[in-house]
There are 4 protein chains.
Amino acid sequence: MTITAEIAGLVAGLRTDVARLHAELPRWGLVVWTAGNVSARVPGHDLLVIKPSGVGYDELTPEAMVVTDLGGNLVDGDRSPSSDTAAHAYVYAHLPGVGGVVHTHSTYATAWAARGEPIPCVLTMMGDEFGGEIPIGPFALIGDDSIGRGIVETLRRHRSPAVLMQNHGPFTVGRTAKDAVKAAVMCEEVARTVHIARQLGEPLPIAPADIDALYDRYQNVYGQTGVDDDE
Amino acid sequence: MTITAEIAGLVAGLRTDVARLHAELPRWGLVVWTAGNVSARVPGHDLLVIKPSGVGYDELTPEAMVVTDLGGNLVDGDRSPSSDTAAHAYVYAHLPGVGGVVHTHSTYATAWAARGEPIPCVLTMMGDEFGGEIPIGPFALIGDDSIGRGIVETLRRHRSPAVLMQNHGPFTVGRTAKDAVKAAVMCEEVARTVHIARQLGEPLPIAPADIDALYDRYQNVYGQTGVDDDE
Amino acid sequence: MTITAEIAGLVAGLRTDVARLHAELPRWGLVVWTAGNVSARVPGHDLLVIKPSGVGYDELTPEAMVVTDLGGNLVDGDRSPSSDTAAHAYVYAHLPGVGGVVHTHSTYATAWAARGEPIPCVLTMMGDEFGGEIPIGPFALIGDDSIGRGIVETLRRHRSPAVLMQNHGPFTVGRTAKDAVKAAVMCEEVARTVHIARQLGEPLPIAPADIDALYDRYQNVYGQTGVDDDE
Amino acid sequence: MTITAEIAGLVAGLRTDVARLHAELPRWGLVVWTAGNVSARVPGHDLLVIKPSGVGYDELTPEAMVVTDLGGNLVDGDRSPSSDTAAHAYVYAHLPGVGGVVHTHSTYATAWAARGEPIPCVLTMMGDEFGGEIPIGPFALIGDDSIGRGIVETLRRHRSPAVLMQNHGPFTVGRTAKDAVKAAVMCEEVARTVHIARQLGEPLPIAPADIDALYDRYQNVYGQTGVDDDE
C-alpha cells in the first residue's frame, strides 16, 4: 500500500500527538516500564497511528510511531506495531465515532479487573465522565480478535468510555486520542478512590436520576462550547 | 462592569498568586488532569480571581486567570470561569472572613466523602489545623447554589477550614488563597493517615480538652507572630 | 551569648548539612507542606542547628538555619526556631551519643502512632536497622518538656533509633544528622511494608536470636569499616 | 588476579550498564535510600560487576562499580562490593543462563515475603512475564551461601525469574542485567496489583492452559524477533 500525500500530511500531525500523549501515561502513574499504548485513527481512512513494540517511553519520538491498516498490518514505519494493535484496530473498525484508543495496566483499574467486578458509580466525577459504572469485559487471550470484540461488545452496552478486561486491564476510547488518554487517567483515579472508600465501609449510592443529570450537563454543556478539559 | 485602576492593580497580584498556587495541587498529589481549582477574593470588592475552565496545569499563566463577580459572572478575562465558580462565589458572599477557596477531588478525602463519614480527630496535627473532625457536607448537584450553601452551612458549625461534600470531594477555605491551599494539602494528608490507621484497628482518641489546647496554641501563637507555615 | 570563632566554624558546616538534609524529607515522601524538621548537635557545645519556623522547603538555605542552646533559646539566626526545638534540645541534653534528630509526620509511621501500636520486627531490614520493634512513646502535648522526656525514656528501653509518639508521629536519632535522616526514611519504609503485609494476614515472626544476629552484623561490620550507608 | 585487556574491555561496558540500571530502581519506586543492587555477569568469565557498598544513588558512576569473582572477592575497584555480592555470585555460579541479578526490598513484594505467601498468577501480565506464581524462598541469614542457595533452589522449580526471600525481599534474574531490572519492576507491579485486588475479595483464577499460552507466546514470539521490551 502506498501512502498518498494527503495521508502523509494527516499522519505527520498524528505521529506527534500520539508520541506526546504516551508521555501522559507515566506522568499520571498509569504504566511501568514500557507497558501501555495510545493510538489515533487517521480521519477518513482505514488507518491508525500507534506505538511500536519494544520501545521505551524515553525513546518515543514522532518518527518512531508506526501506521497500520485496520487489519493491524504495517503500512508505514520502521518497527513492528505494538502487540495490542489488533485490539485497537478492531475498535476503530467497529466503533466509527472513536478517534482514539488507550490501553494500560494501571494498578487500581487492573485490580477491579482481576476480581471481574465493575466499579460502581458513587462519585460525582464518575457521573460526569462515565455516566454510570465502569463495566467488565470478558476474559480473552491475545492472538485473534477476541480482545477487540470483547471491548466493543461491552462498550456498546454502556455510556462509559472505559472497559476493564477481566484479569487484564483497562481499555479506553474517545473522540480523539487525547480524550481517550483523559478517560484512562480518570478511570484509574476513580478506580483508586472507590477502592479506598470501600476499604472502610460501603460508599453511599448516587440516585440514577442524579447520575443522568451529572452526565447530561457534563457531556452537553461542555460539548457545546468545545471544551474538552475541565474541572 | 468596568474595572477601575485600583481593582486592576489588586487583580494583577492575585492573578499571579492564584496561577502559582494551582501548581501546588499536582505537586502534592491532590489532582489529576485538570481537576481542582483555587480562587482568591479581591479584597474590598465583590470580586474573585479563579482558574478558567478547560485549561491544563501546564498552561496556567497569570494572564489566563479570570475575574468574576460574586454571582459568578465574568468581569475580566478571555475564557469561561471554572464550572465550580458558583460554589466559590457563594462562599465569599456568605463568609466575609474567607479570602481563598480551594476545591479538589483528592483521593483519600474523596473516599471519606463517598462514605459520608467525617474524619475523626485522632492526630495532633489535626488538632492543630482543624480543631476537631473534618465534617461532611450534603449531597448537592452543580447548577444552582446548593453546593455553595452546603459548604457554608457546614463550615459555620465547625472549626475546620475543610468540608467533604458527600460523594464529591473537599472544599477548603482560608484567610488567603495560600492558607486555603495549605488546608487542602493537610486535609488530604490527615484523610490518608487516619484511613491507614483505621485499616488495622481503631485509632486512640484524643481528649477534647487536648484538642482545644492544640488548636488554641497553634492558631493563636502562630497568629500573633504572623507565621503562616510551620511544623 | 556570643559565638566564638571556633563555634562559628563548626556551625557553618552544620548549617549546610542541615539545610541539605531537609531536602531528603520531601524527596522520600516523608513530609507535606513545611511539616518535619532536622537538627544537628554542635559537637562539644551545648548547641544545636535546626530549621526555622514557617519556612518552606524551597527556601531552606544554610543561612536560614538557626542555632539554639539546649534550652531552646535562639543563639544565632534571623528567624524563630522550629516549634519542635524543645523536643530536639531535650534529646541532646539527655542522650550524649546522639548527634542528629529528625521529626516528621510520615504517613504510615504516624498511622501506627495513632493506634499506639509498635511495629513488630518481621523484616530482615528491620533487624538490621532497628534491632527489634519500633516502640510507641507516650501521648504528650507541646509546650513543656513532656515530648522530649517521652522520646528519651522510650529510646533508652530499646535498640531502635526511632520512636513513634502516640497520636503524633516519629522522632528518630543518629550519631549524625544524616544517620537520623536515614533512620526516618527506613522507619517510614518498614512502617509501610509491615502495614501492607498485615493487611492480608499475619507476617511470619523472625526468631529473636536471628534479629540479634542481623543487628550485630549490620551495626558492627559496617561500623568497623566506617560505612554508614549500605544495602 | 590480573585483569586482561579483553576482560577490561568487557568490564568497561558493563560498568556503564550497571551504573545506569541502578537509576531505574528509584525511578520505579523500588528502593529507598541506598537499598537495592544490580549486577551483571562478565560473559565467558567467572566475574561479575556490582554496586559498591555504601554509595548513594546520586554517586553511582561507572567508575564506582566494582568487579568480583564468583567467590565474591574484589578483583577490580576502589570500594568494598555490596554486602549482597555473595548471593549474586552464587546465582551466577549455579545458573549458567543468568546474565543479570537484581535485589531490592520493594514494598509490596516484600510484604508478600513477610507473610511467606507466593503471589498467585491472576493477571495476564503475570502469565506473560512469570509464567505462573512468584514463589517464596526460605528464610536465610546473610553471612554464608544460604541466601544464594535458597534463591537457586527456588528458581529451579519455577518459570518465574523472581523469588521472594521470606521476611527479606525479592531477587530477580534475567538473560541480561536489563532483563533482571525489568523483572524487578514487573514483580513489584504485580505484587501491588494482586495485593490491591485481594483487599476487596478474591481475584478470579486464570486457567493453567491459558497461563501456558500467555507465557509461550510472550517468551517465544518476542524472543524470535529479538525484542526485549514490549507491552
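Side chains included, hydrogens not; waters and symmetry mates left out as well; all remaining heavy atoms used. Order of the sequence lines fixes the chain letters, A, B, ..., with proteins taken first and strands second; residue numbering starts at 1 for each chain.
- Each of L214(A), V194(A), V185(A) has some count of heavy-atom pairs under 4.5 Å with chain B, and the biggest count is that of V185(A).
- Taken to the nearest 0.5 Å, the OG1 atom of T124(A) stands 4.0 Å off from the NE2 atom of H168(B).
- The side-chain heavy atoms of T107(B) and E189(A), taken from C-beta on, include a pair separated by under 4.5 Å.
- Side chain of N167(B) to backbone of I206(A): no donor-acceptor contact under 3.5 angstrom is found.
- Contact of L123(A) with chain B is made through backbone and side chain together, with heavy-atom distances under 4.5 Å.
- Considering Q166(B), E117(B), R115(B) in turn, Q166(B) is the only one that fulfils the side-chain contact (heavy atoms from CB on, under 4.5 Å) rule with L204(A).
- For E24(A), the part sitting under 4.5 Å from any heavy atom of chain B is the side chain, from C-beta outward, and nothing else.
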* To do: Start with the C-alpha distance between D210(A) and F139(B), add both sets of side-chain angles, then the distance that settles side chain to side chain contact (heavy atoms under 4.5 Å, CB included), and finish with yes or no.
  => CA-CA 10 Å; D210(A) 288 337; F139(B) 180 83; 3.4 Å; yes
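- Between atom OG1 of residue T34(B) and atom NZ of residue K182(A) there is a gap of 5.5 Å, rounded to the nearest 0.5 Å.
- Residue W28(A) comes nearest to V31(B) through the heavy atom pair CZ3-O, 3.7 Å, listed as atom of the first residue, atom of the second, then distance.
- What you find for A197(A) and A114(B) is that their closest heavy atoms are CB-CB, 3.9 Å.
- In this structure the side chain of W33(B) reaches within 4.5 angstrom of the side chain of V181(A), judged on heavy atoms.
- Contact of the W112(B) side chain with the I196(A) side chain is not registered, since no non-hydrogen atoms from C-beta on lie closer than 4.5 Å.
- When heavy atoms are compared at a cutoff of 4.5 Å, E202(A) approaches chain B solely by way of its backbone atoms N, CA, C and O.
- When heavy atoms are compared at a cutoff of 4.5 Å, M186(A) approaches chain B solely by way of its side chain, counted from C-beta outward.
- Remark: H195(B) NE2 to L200(A) CG distance equals 4.5 Å, nearest 0.5 Å.
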